[in-house]
Every structure is written in C-alpha cells, then in structure tokens.
Amino acid sequence: MSAPSTSRESAAPVQGVIRQHAEQAFRHELSALRDRDTRPKPAGWSMSPWGVRTYLVGGMLDDGTEISPKYIGDARIIEIAIATLATSRALLLQGVPGTGKSWVSEHLSAAISGDSTLLVQGTAGMDESALRYGWNYARLLADGPSRDAMVPSPVMRAMGAGKIARIEELTRIPSDVQDALITLLSEKTLPVSELGEEVQAVPGFNVIATANDRDKGVSELSSALLRRFNTVVLPTPATLEEEVRIVQQRVGAMHRAMEMPTEAPALEQIQRVVTVFRELRRGLTEDGQTKLKQPSGTLSTAEAIAVVEAGLVMSASFGDGKLSAEDLASALTGSVLRDPEQDQVPWSEYLKSVVRERAEWKDLYRACKRAL
Ligand SMILES: Nc1ncnc2c1ncn2[C@@H]1O[C@H](COP(=O)(O)OP(=O)(O)OP(=O)(O)O)[C@@H](O)[C@H]1O
Ligand SMILES: [Mg+2]
C-alpha cells in the first residue's frame, strides 16, 4: 500500500496564527543545520543525531549561525532521547507536569522529520481508530470499504511517510486501546483487515509518547507495551539559575511576539517568582534554613512562565508598562492557591515567615497580602 500523504509538506512560516509549529518558528535554524550537517543521518532523518542535539540544546554553527537552546538542562537526557529514536524502540518522555515533555517532543519531531504535527492527544474516551484508522462513513456507505473511504490516523500517516508520530498523554488512553500500539511498534505494520492490505512503516518512522506521573486516573502501560519504549524522565530544573533561564527565555519570546508596550521583565522579578515556586515545591527555603508547608499544586516551571506572562499583560494593560510586584501578585496567588482551603495555610505562613522577612521583597509581600 502506498504511503498516505502527510498533512503538511512544507514548513513555511504562517503569519497571523497564534502559535507557529516548531518547524515554522525555527525554520531558519533547522535549514541552517540541515545545510551544515555532514554527519551520517539515520535512514529517513532530515539531519544527523548531532544536528538534532545541537537544535535541542543550542550551539554555534561554523558559519556563525546561532542555534538557540530549546531544552535547558542536562544535555545527556536529550542525547539518550535522540539515540533511542534512532533505534527500533519508541521514546516515552515521562515526568511531572510542566517539565517540557510536550515541548521536547515537538522539537525532536521538527528536527528529525521536519514535521511536528502528526499528533494524537490521548484521552480516556479514545478508541483504537485514533491510533489506527477510521472511516469516512458517507463514502463507506456509498462505495463500500476502499482506500478513499479510509481516514488514516496521524500514526498511520507517520508510518507511511517515515516520520515521527507524537502521542500526548499516553497513560490517559485506556489500556486496551494503548495495546493497539504493540504490533504497530514491533512489526512496524498496520493491517487494514477490511481491505486485506497493510501499511508498512518506512524508515524514519518512530513514536514519541509523553506521560505525566501526577495524573489521576492513569492507565498503566502493559509490560508488553512498556518493553517497546525506552523511558526518559525529564526532571524539574536542577538549579534556580536554570529555571530562571527557562522562564526568561519563554517569557522573552512571548514578549517579542506580542509586541507589548512594556519593558522586558526585569530579571529580579523572574528570580523572585521562580524562587517562590522552588521553595514551595521543595518545602524548604533556598538557603536550606526554613522548612515550609507545601501547597497541593504542582507549581511547575510552566506555571511560573504563566505567572510572569499574566503579570506582563497586567502591566501593559493597567500598569505603567514596567512589571511590578503588584502585577504579579494575583497570578502568583492563583497558582499557589489551587485548592483555596487547603493551600491557604501554607501560603499565608510562607508570606509571613519568608516573604516578609526579605528586605528587598517588601513590595511583593504587600501586593500578595492585598491579593489574598
Ligand atoms: N527544561 C526546560 N527547558 C526549556 N523549556 C522548558 C523546560 N521545562 C519546561 N519548559 C517550558 O515549560 C513549558 C511547558 O512545558 P510542556 O507543556 O512541554 O510541559 P509538559 O511536561 O508537557 O507538561 P504536562 O505534563 O502538563 O503536559 C514550555 O513552554 C517549555 O518551554
Ligand atoms: Mg504535555
């Protein structure tokens, strides 16, 4: 059976969309890397593992092109992920929410296949057709089963085109549906019994799945399926500096994209938000001196990014265009008080015993007290 065509053959930047795909937003970096990369490429890949690594962790090409880091953290983790994808095993990115699993999966697909859009979002109500294929019922009734009446899933399209298929939140998919992946990953074929045909995967095909371990109602992977994946855990950022860099980079990109009439957020504001998040997440102040009660929320890096972004919008819309503690306070409070009853005590105690005591944090203390 011939390869079904993929949804998008080119990665031209699209103006006027809210969010560009990685291969659109970073088209110049990707094409510079493809041009300069002379190392051996695995079959079906658009660049070598070295090229993919450079795209993910950043670097400078010998012609002076700068590649921005997409993943900030231990480069070894990215190397293991890339090496996995070059084998016949699939990649499972695991970790608590907001550690960049979807982000890394998107960028790996963009670098390896030039296409990050072959995506299945895992849900509890999903059936096998989302991983295999469905039917256009009007055509099925009119003409009977035919290739034209078949609606291939993104996974089937990835197999035919030799690209990476992404499966988000794999553990939300019911176990029996997940198991549809077993044959697909081991035999690299997808039988279409209604037509007496099959789609055979061509080189370049592989799967990146993501799963977070904090979800309620997760469906554990069967051991047969787990064996077909290599699991790579994305950790929360190791140091304050690393986490500040992540937030600064994402917020900087958003600030540029929105062309807001504000100054770029000051480093010390970002540092304070990240410090609050890290201290509450760990239940310990950065200096290791004071133990803290931990709130129920995950307080992830992704949420720290959202707090600073919300603050920026507040300052652009209602403030003086300079990000202040006042602008940040309500989003910060909202992130910490995920459960308004249970989280009230840890937050109040933190404000009183830590925030109030830091001489240069007085403005933040006052603003957060008012936001309560
Ligand atoms: N180590 C990191 N390096 C760069 N960016 C990161 C890192 N960790 C988190 N981020 C940023 O955090 C944001 C959220 O990440 P993402 O949505 O990929 O998280 P996730 O792990 O998929 O979370 P969830 O389990 O909730 O789906 C992204 O914008 C990403 O840029
Ligand atoms: Mg995700």
Side-chain angles (χ1 to χ4, degrees), residues 18-22 25-26 29 52-59 67-82 91-111 116-124 164-173 207-219 221 231-258 265 270 273-274 277-278 281 296-310 312 331 335 338:
I18 293 180
R19 181 182 185 279
Q20 298 197 329
H21 299 300
F26 295 93
E29 290 188 10
V52 180
R53 180 195 190 275
T54 308
Y55 175 72
L56 263 294
V57 302
I67 307 296
S68 60
K70 317 299 175 302
Y71 180 74
I72 296 171
D74 185 0
R76 194 75 195 147
I77 292 176
I78 298 298
E79 289 171 359
I80 296 167
I82 297 168
L91 173 65
L92 176 61
L93 296 173
Q94 213 169 24
V96 296
T99 42
K101 299 179 294 296
S102 305
W103 175 252
V104 167
S105 149
E106 178 181 2
H107 284 288
L108 284 172
S109 315
S116 64
T117 64
L118 296 166
L119 173 91
V120 177
Q121 176 65 48
T123 64
I164 302 281
R166 298 173 51 202
I167 302 176
E168 285 285 306
E169 309 293 354
L170 178 63
T171 44
R172 287 211 191 135
I173 302 175
V207 170
I208 304 178
T210 65
N212 89 53
D213 28 26
R214 280 277 185 102
D215 262 348
K216 295 198 179 88
V218 295
S219 313
L221 303 193
T231 304
V232 171
V233 176
L234 297 190
T236 49
T239 61
L240 177 70
E241 290 70 35
E242 209 170 274
E243 195 159 358
V244 167
R245 266 180 68 207
I246 297 170
V247 176
Q248 206 177 10
Q249 195 193 38
R250 297 298 304 144
V251 170
M254 179 238 181
H255 184 253
R256 282 190 299 278
M258 292 188 69
I270 295 181
V273 172
V274 173
F277 270 59
R278 290 181 71 83
R281 197 192 292 148
S296 62
T298 46
L299 296 167
S300 68
T301 313
E303 285 162 282
I305 295 171
V307 167
V308 180
E309 284 183 355
L312 271 181
S335 282
R338 279 287 172 239

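Counting convention: from 1, in listed order, for ligands and their atoms alike.
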Could you tell me whether ligand 1 has any atom less than 4.0 Å away from a heavy atom of [X]?
X: Gly98; answer: yes
X: Lys70; answer: yes
X: Ile246; answer: yes

Could you check which of Glu242, Arg250, Glu168 puts a non-hydrogen atom nearest to atom 29 (O) of ligand 1?
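Of the listed residues, Arg250 has the closest heavy atom.
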
Heavy-atom pair with the smallest gap, counting every atom of [X] and [Y]:
X: Ala110; Y: Ser116; value: N-CB, 4.2 Å
X: Ser109; Y: Ile164; value: OG-CG2, 3.6 Å
X: Pro69; Y: Gln249; value: O-NE2, 2.6 Å

Of the protein's non-hydrogen atoms, which lies at the shortest distance from [atom], and what is that distance?
atom: atom 14 (C) of ligand 1; result: Ala302 CB, 3.5 Å
atom: atom 18 (O) of ligand 1; result: Trp103 N, 2.9 Å
atom: atom 19 (O) of ligand 1; result: Gly100 N, 3.3 Å
atom: atom 22 (O) of ligand 1; result: Ser102 OG, 2.8 Å

In chain order, what residues pass the side-chain hydrogen bond (donor to acceptor under 3.5 Å, both in side chains) check against Glu106, with sequence neighbours excluded?
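Arg19.
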
Polar proximity ligand 1 side, [X] side, N/O cut 3.5 Å exclusive:
X: Gln249; value: no
X: Ile305; value: no
X: Gly73; value: no
X: Tyr71; value: no

Could you tell me whether the side chain of Thr171 and the main chain of Ser219 form a donor-acceptor pair under 3.5 Å?
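Side chain of Thr171 to backbone of Ser219: no pair is present.
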
Using a 4.0 Å heavy-atom cut-off, say whether Asn212 meets ligand 1 through its side chain, its backbone, both or neither.
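Side chain only.
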
Regarding Asn212, does it place an N, O or S atom less than 2.8 Å from the Mg ion (ligand 2)?
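Of the N, O and S atoms in Asn212, none lies under 2.8 Å from the Mg ion (ligand 2), which means no.
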
Could you tell me which atoms of ligand 1, counted from 1 in the order shown, lie closer than 4.0 angstrom to a heavy atom of [X]?
X: Lys101; result: 18 (O), 19 (O), 20 (P), 21 (O), 22 (O), 23 (O), 24 (P), 25 (O)
X: Glu169; result: 27 (O)
X: Ile72; result: 1 (N), 2 (C), 3 (N), 4 (C)

Would a 4.5 Å heavy-atom cut-off, applied to side chains only, mark Ile208 and Leu108 as touching?
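Contact flag for Ile208/Leu108 side chains = yes.
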
Are Lys70 and Val104 packed together at the side-chain level, in the sense that at least one heavy-atom pair is separated by less than 4.5 angstrom?
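Side-chain contact under 4.5 Å: no.
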
Euclidean distance, Ile72 CD1 relative to Ile78 CD1, rounded to 0.5 Å
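Rounded to the nearest 0.5 Å, the CD1-CD1 separation comes to 11.0 Å.
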
Please determine if Arg245 and Glu242 form a salt bridge, counting it only when a charged side-chain N lies under 4.0 Å from a carboxylate O.
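Salt bridge absent between Arg245 and Glu242.
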
Just checking, any donor-acceptor pair under 3.5 angstrom between side chains of Gln94 and Thr231?
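Side chains of Gln94 and Thr231: no pair found under 3.5 Å.
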
Which residues pass the ring-ring contact (aromatic ring centres under 6.0 Å, His included) test with Phe26, not counting sequence neighbours?
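Phe26: ring-ring contact (aromatic ring centres under 6.0 Å, His included) contacts with His107.
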
